[in-house]
Amino acid sequence: MLRQTKFKRSPSYATPTPFTMQRPWLKLTSRRIGMLLVLLGFAWGCTLIHFTLTRSERSNESEALRKKILTMSREYVKEVAKKAESSPDGLLEEPEEAAAGYGFDMKKGFAVLLNDMLKRLDKLEERFNKLDPHNKENGSKDTPPLQIKSNLEGVNHPETCEVPTAPEYPHCGGKVEWMKGFWTTDPCYADYGVDGTVCSYLVYLSEVEHWCPPLPWRKNFTSTASVEPGEMASLQEDPEPLLRLLSSDKSLLWIKMRVERMWPQWVEAANSLAHSLANRSKKRILIHLGLLSKEAEWHFGEKAFDGGPLGELVQWSDIIASVYILGHDLELSFTKENLKSKLEFDSQRNKGGCPIKGKPPADIIYIDILGLAQIKKTLGMAGIQHYACYFRVVDSFGTEPEFNFQPYAKQRSRKSPWGGWNFNPRQFFTMFPHSPDNSFMGFVVEQHLNKSEIQDIQKIKKQNQALVYGKNDYMWAGSEKLMNELAQHFQIHATVAKNNDEQQQLENVPSFVNNHGVLPSEQLYDLLKRTKLFVGLGFPYEGPAPLEAIASGCVFLNPKFTPPKSRQNTKFFEGKPTFRELTSQHPYVEVFVGKPHVYTVDIDDRESVEAALTEIKNLEVDPYLPYEFTAEGMLQRVSTYIQKHDFCKKPHAWPPESALQVRLSGKGQSCKQACQDQGLLCEPNYFPLLNNKDVMEKNGLKCDSMDDMMEVYAPSKNEGTSTCSVQTEQLLFSCVGQDPDYRRICPCRDFIHGQVALCHDCL
């Protein structure tokens with residue numbers, strides 16, 4: 001934000017004369033000083049280039065003069081930096097930086113500018129060293145670049161290389177053209193052996209970044225390269241090392257208590273899957289909980305015992321437990337300093353253009369959006385891109401491609417403080433399987449009923465007892481009519497956080513409600529065992545509690561939303577990077593569970609509520625829990641992700657192509673809906689296989705002409721013009737994209753009942 005500097009007028013000069021009035025063009029503001037310094041620096045650089053290139057004296061004099069010029073330049077820039085520290089002006093940030101919510105004042109703006117000037121001086125010195133044949137440092141063997149020819153010894157290869165064309169690698173040609181113009185902009189390309197030839201571009205793009213297909217003349221080299229066999233993972237059933245790790249900070253206490261309480265379930269689930277969990281490679285996994293960091297100032301860990309939000313903590317505790325019991329090397333981080341120490345990044349040597357060379361700090365980094373923001377603030381966007389393919393972002397509500405790809409989001413005004421990361425959309429892991437463009441992580445629902453209790457559940461239940469889902473007083477606002485209707489059929493219980501003054505009545509909770517206050521987990525689950533009906537109030541959205549209630553044998557009254565809630569009509573979703581519409585408080589149980597366990601009702605419609613309560617009152621419902629929310633289901637899913645997901649390779653090789661089923665959408669329909677109508681799920685990883693004319697026509701889209709398109713609904717066909725369009729930006733492949741004029745070709749797959757994240761051929 002720009003800060004205005006107000007100048008007070010001196011009382012004795014209230015009406016200045018022309019001679020005493022200061023001329024505006026003579027007024028030296030800090031901004032003008034800054035611009036002057038930049039111009040002086042530019043002039044100095046030009047003088048430096050002219051001096052060095054035209055100087056023809058003896059080599060030792062040239063060398064001494066060059067060093068003197070460079071030394072004086074650096075001293076000049078550093079002196080300017082010191083003076084700039086006192087600048088009172090402000091400096092607006094770039095729009096993409098503003099999206100992350102960070103501000104840069106004038107001091108930081110100067111720091112960036114001056115640091116860039118120093119970098120340019122370093123680069124000039126490096127180039128002059130190459131140009132000067134008498135320079136002794138030229139050809140130093142301290143840090144020699146890896147030459148591509150050294151990788152080709154003993155391998156038959158052509159004198160010249162042609163850029164291959166392959167439908168599954170549609171961006172190969174474009175990437176080669178980019179390399180031709182920009183490979184010298186980052187030293188890391190030369191470190192990988194790029195030397196300015198097309199052959200070196202293709203080797204790099206096929207073996208390092210995987211934008212191009214494998215080269216036939218490189219097969220022998222790649223197959224005979226020595227690869228050290230990795231250590232194999234084995235189940236870890238002893239929880240003590242993990243519990244000690246979780247005892248390191250009070251913010252982890254709630255997570256530790258949940259892991260310790262649920263450990264028998266984890267061990268039982270792991271032993272049940274032991275046969276399928278054999279022959280797994282051991283991974284080094286870093287988990288950073290940005291929401292628990294002191295820098296975030298959200299105090300999730302501390303508030304967990306006072307009615308604070310638990311959904312994120314539930315999911316994180318289950319991720320930690322899964323990774324540990326699966327036998328992987330686990331590191332925990334929850335401070336910015338700790339994370340920075342683990343993620344080393346040389347901004348001078350690598351500007352984010354190349355993947356990590358050598359052994360990365362971790363094979364997988366589980367992180368949340370707050371954690372990414374901390375890395376961005378510390379290492380910059382180049383640091384984010386440097387480690388991009390290793391991130392697995394825990395993101396409850398999901399991030400759609402059009403918010404994730406920053407250039408598109410900026411062009412289309414898709415503003416969100418949580419978007420613009422330019423990751424593969426599959427790297428975002430959600431709480432529920434609502435976003436096919438993202439991956440479903442999930443969590444585990446605690447099961448507190450033993451076998452005898454499940455058999456006798458109807459004897460345990462109090463037929464007229466209801467528990468309302470709303471642990472804060474504000475959630476009850478506007479519920480008077482529903483509570484009065486409910487009171488005619490059930491005794492109403494609640495677990496609302498009480499006021500500090502326990503004698504003071506809560507504002508929105510009726511006096512006839514039996515409020516227990518915030519209960520410890522054991523007492524809460526005992527209350528659910530005896531409860532017949534679990535009642536939603538419309539908020540919070542998509543929490544874990546309804547599934548816990550259903551697993552305890554309750555019926556869930558799920559408030560229906562008409563119209564659906566989204567970022568376009570609901571303040572809570574305004575900044576979320578998704579256009580997803582919620583048709584109820586809990587869409588997952590509405591779609592995947594349903595009656596008799598779930599009744600989705602408009603709670604403002606008295607007749608619908610009365611009919612539902614009457615029907616529920618006479619029901620006998622057994623406990624139910626979808627397999628994907630059991631400890632066994634989560635272990636199966638997480639283990640598969642760890643072994644199969646590799647976002648550092650393009651194209652992505654999982655799920656297997658054998659699961660692909662191509663379908664055509666209706667006009668204006670999304671692929672998510674088109675696949676769902678066929679009892680299938682949209683699988684975005686298959687889009688590159690469909691992104692060409694031959695496949696489109698083979699599957700029924702007749703194309704009179706073809707064009708390239710950077711839109712979330714490509715590949716597709718314009719029904720009005722019969723023009724087919726292919727996608728030019730892989731990060732915009734989207735299952736949810738749609739346009740009223742276009743019919744889409746859709747990559748669908750089957751799924752395992754109760755485990756929608758996996759297909760039948762996925763295991």
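Using a 4.5 Å heavy-atom cutoff, the side chains of Arg743 and Leu701 are in contact.
Each of Leu613, Leu467, Val468, Ile492 was checked for a side chain to side chain contact (heavy atoms under 4.5 Å, CB included) with Leu533, and the lone residue meeting it is Leu613. With Asn558 as reference, Ser584 is the one residue of Pro587, Pro546, Ser584 to meet the side chain to side chain contact (heavy atoms under 4.5 Å, CB included) rule.
Asn438 places a side-chain N or O within donor-acceptor distance of the main-chain N or O of Pro425, the cut-off being under 3.5 Å. A donor-acceptor pair under 3.5 Å is formed between the side chain of Ser416 and the backbone N or O of Gly575. In this structure a side-chain-to-backbone donor-acceptor pair under 3.5 Å is missing from Glu542 to Met431. No side-chain donor-acceptor contact under 3.5 Å links Glu400 to the backbone of Gly737. At least one donor-acceptor pair closer than 3.5 Å links the side chain of Gln315 to the backbone N or O of Thr430. The closest donor-acceptor contact from the side chain of Arg744 to the backbone of Tyr713 lies under 3.5 Å. Lys461 places a side-chain N or O within 3.5 Å of a backbone atom of Thr531 that can act as its donor or acceptor partner. No donor-acceptor pair closer than 3.5 Å links the side chain of Asn472 to the backbone N or O of Tyr474. Formation of a donor-acceptor pair under 3.5 Å by the Asp368 side chain with backbone atoms of Leu289 is not found in this model. Using a distance-only test at 3.5 Å, with no hydrogens or angles considered, no donor-acceptor pair links the side chain of Gln678 to the main chain of Leu680.
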Stepwise, does the ring pair (Phe, Tyr, Trp, His ring centres under 6.0 Å) test hold for Phe403 with Phe579?
-> CA-CA 9 Å; Phe403 292 91; Phe579 281 117; 5.1 Å; yes
Chi angles and distances behind the side-chain contact (heavy atoms from CB on, under 4.5 Å) call for Leu313, Leu292 | CA-CA 9 Å; Leu313 293 180; Leu292 295 185; 3.9 Å; yes
Would you please test Tyr599 and Glu615 for side chain to side chain donor-acceptor pair (under 3.5 Å) and show each step?
-> CA-CA 10 Å; Tyr599 279 68; Glu615 192 172 331; 2.7 Å; yes
For the pair Glu610 and His489, evaluate side chain to side chain donor-acceptor pair (under 3.5 Å) and give the outcome as yes or no after the intermediate values.
-> CA-CA 9 Å; Glu610 175 67 25; His489 298 270; 3.2 Å; yes
Test log, rule side-chain contact (heavy atoms from CB on, under 4.5 Å), inputs Val601 and Leu557 = CA-CA 7 Å; Val601 177; Leu557 189 68; 4.0 Å; yes
Let me see the working for Cys682 and Cys735 under disulfide bond (SG atoms under 2.5 Å apart), right down to the final yes or no.
-> CA-CA 6 Å; Cys682 180; Cys735 288; 2.1 Å; yes
Can His645 and Ser439 be said to form a side-chain contact (heavy atoms from CB on, under 4.5 Å), step by step?
-> CA-CA 10 Å; His645 273 163; Ser439 298; 3.7 Å; yes
Derivation and outcome, disulfide bond (SG atoms under 2.5 Å apart), residues Cys748 and Cys675 = CA-CA 6 Å; Cys748 307; Cys675 294; 2.0 Å; yes
side-chain contact (heavy atoms from CB on, under 4.5 Å) between Gln676 and Leu681: does it pass, once the steps are laid out?
-> CA-CA 6 Å; Gln676 191 171 305; Leu681 290 179; 5.9 Å; no
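In this model, no donor atom of one side chain and acceptor atom of the other lie less than 3.5 Å apart for Asp437 and Ser435. Asp602 and Ser608 share no side-chain donor-acceptor pair at under 3.5 Å. Asn718 and Asp741 are not linked by any side-chain donor-acceptor pair at a separation below 3.5 angstrom, with hydrogens and angles left out of the test. Under 3.5 Å, the side chains of Tyr742 and Glu711 contain no donor-acceptor pair of N or O atoms. With hydrogens and angles left out, the side-chain atoms of Gln755 and Gln636 include a donor and acceptor closer than 3.5 Å. Donor-acceptor pairing under 3.5 Å is lacking for the side chains of Glu480 and Asn508. If you check the side chains of Ser566 and Glu581, you find no donor sitting under 3.5 Å from an acceptor. For Thr399 and Asn404, the side-chain atoms include no donor-acceptor pair closer than 3.5 Å.
Smallest separation of non-hydrogen atoms from Leu482 and Gly536: CD2-O, 4.3 Å. For the pair Ala549 and Leu528, the tightest heavy-atom approach, listed with the atom from each and the gap, is CB-CD2, 4.1 Å. Residues Lys672 and His434 come closest through the heavy atom pair NZ-O, 3.1 Å. Of all the heavy atoms in Glu590 and Thr583, the pair that sits closest is OE1-OG1, 2.8 Å. Scanning both residues, Asn422 and Phe405, for their nearest heavy atoms gives OD1-CA, 3.4 Å. Nearest heavy atom pair, residue Cys762 against residue Thr640, reads O-CG2, 4.2 Å.
Note: Phe556 and Tyr469 have perpendicular aromatic rings, judged against thresholds of 30 and 60 degrees for the angle between ring planes. The aromatic rings of Phe423 and Trp421 sit parallel, their planes meeting at an angle under 30°, below the 60° perpendicular limit. Ring geometry for His516 versus His493: interplanar angle under 30°, hence parallel rather than tilted (30 to 60°). Note on ring orientation: taking the six-membered ring where Trp is involved, the planes of Phe539 and Phe572 are perpendicular (angle over 60°, cut-offs 30° and 60°). Ring pair His586/Tyr588 is perpendicular by interplanar angle, where above 60° counts as perpendicular and below 30° as parallel.
For His760, the NE2 atom sits in a packed shell: over 12 heavy atoms of surrounding residues, nucleotides or ligands are nearer than 6.0 Å. Within 6.0 Å of CD in Glu607 there are 12 or fewer heavy atoms belonging to other residues, nucleotides or ligands. With a 6.0 Å radius and a threshold of 12 heavy atoms from other residues, nucleotides or ligands, Gln488 has its CD atom above the threshold. In the displayed structure, Glu268 atom CD is contacted under 6.0 Å by at most 12 heavy atoms of other residues, nucleotides or ligands. Residue Lys529 places its NZ atom among more than 12 non-hydrogen atoms of other residues, nucleotides or ligands, all under 6.0 Å distant. Shown here is Lys560, whose NZ atom has no more than 12 heavy atoms of other residues, nucleotides or ligands within 6.0 Å.
The six-membered or imidazole ring of Phe429 lies near that of Tyr641, with a centre-to-centre distance under 6.0 Å. Checked against the 6.0 Å centroid threshold, Phe629 and Phe432 count as a close aromatic pair. Outside the 6.0 Å centre-distance limit, the rings of Phe391 and Tyr366 are not counted as a close aromatic pair.
Ion pair Arg637/Glu632 not flagged as a salt bridge, since none of the NZ, NE, NH1 or NH2 atoms sits closer than 4.0 Å to an Asp/Glu carboxylate oxygen. A salt bridge does not link Arg412 to Glu402: none of the charged nitrogens lies less than 4.0 Å from a carboxylate oxygen. A salt bridge is defined here as a Lys NZ or Arg NE, NH1 or NH2 lying under 4.0 Å from an Asp or Glu carboxylate O, and Glu719 with Lys667 fails to meet this definition. Between Glu446 and Arg258, at least one side-chain nitrogen of the basic residue sits less than 4.0 Å from a carboxylate oxygen of the acidic one, meeting the salt-bridge criterion. A salt bridge links Arg426 and Glu683; the closest N-O separation between the charged side-chain nitrogens and carboxylate oxygens is under 4.0 Å.
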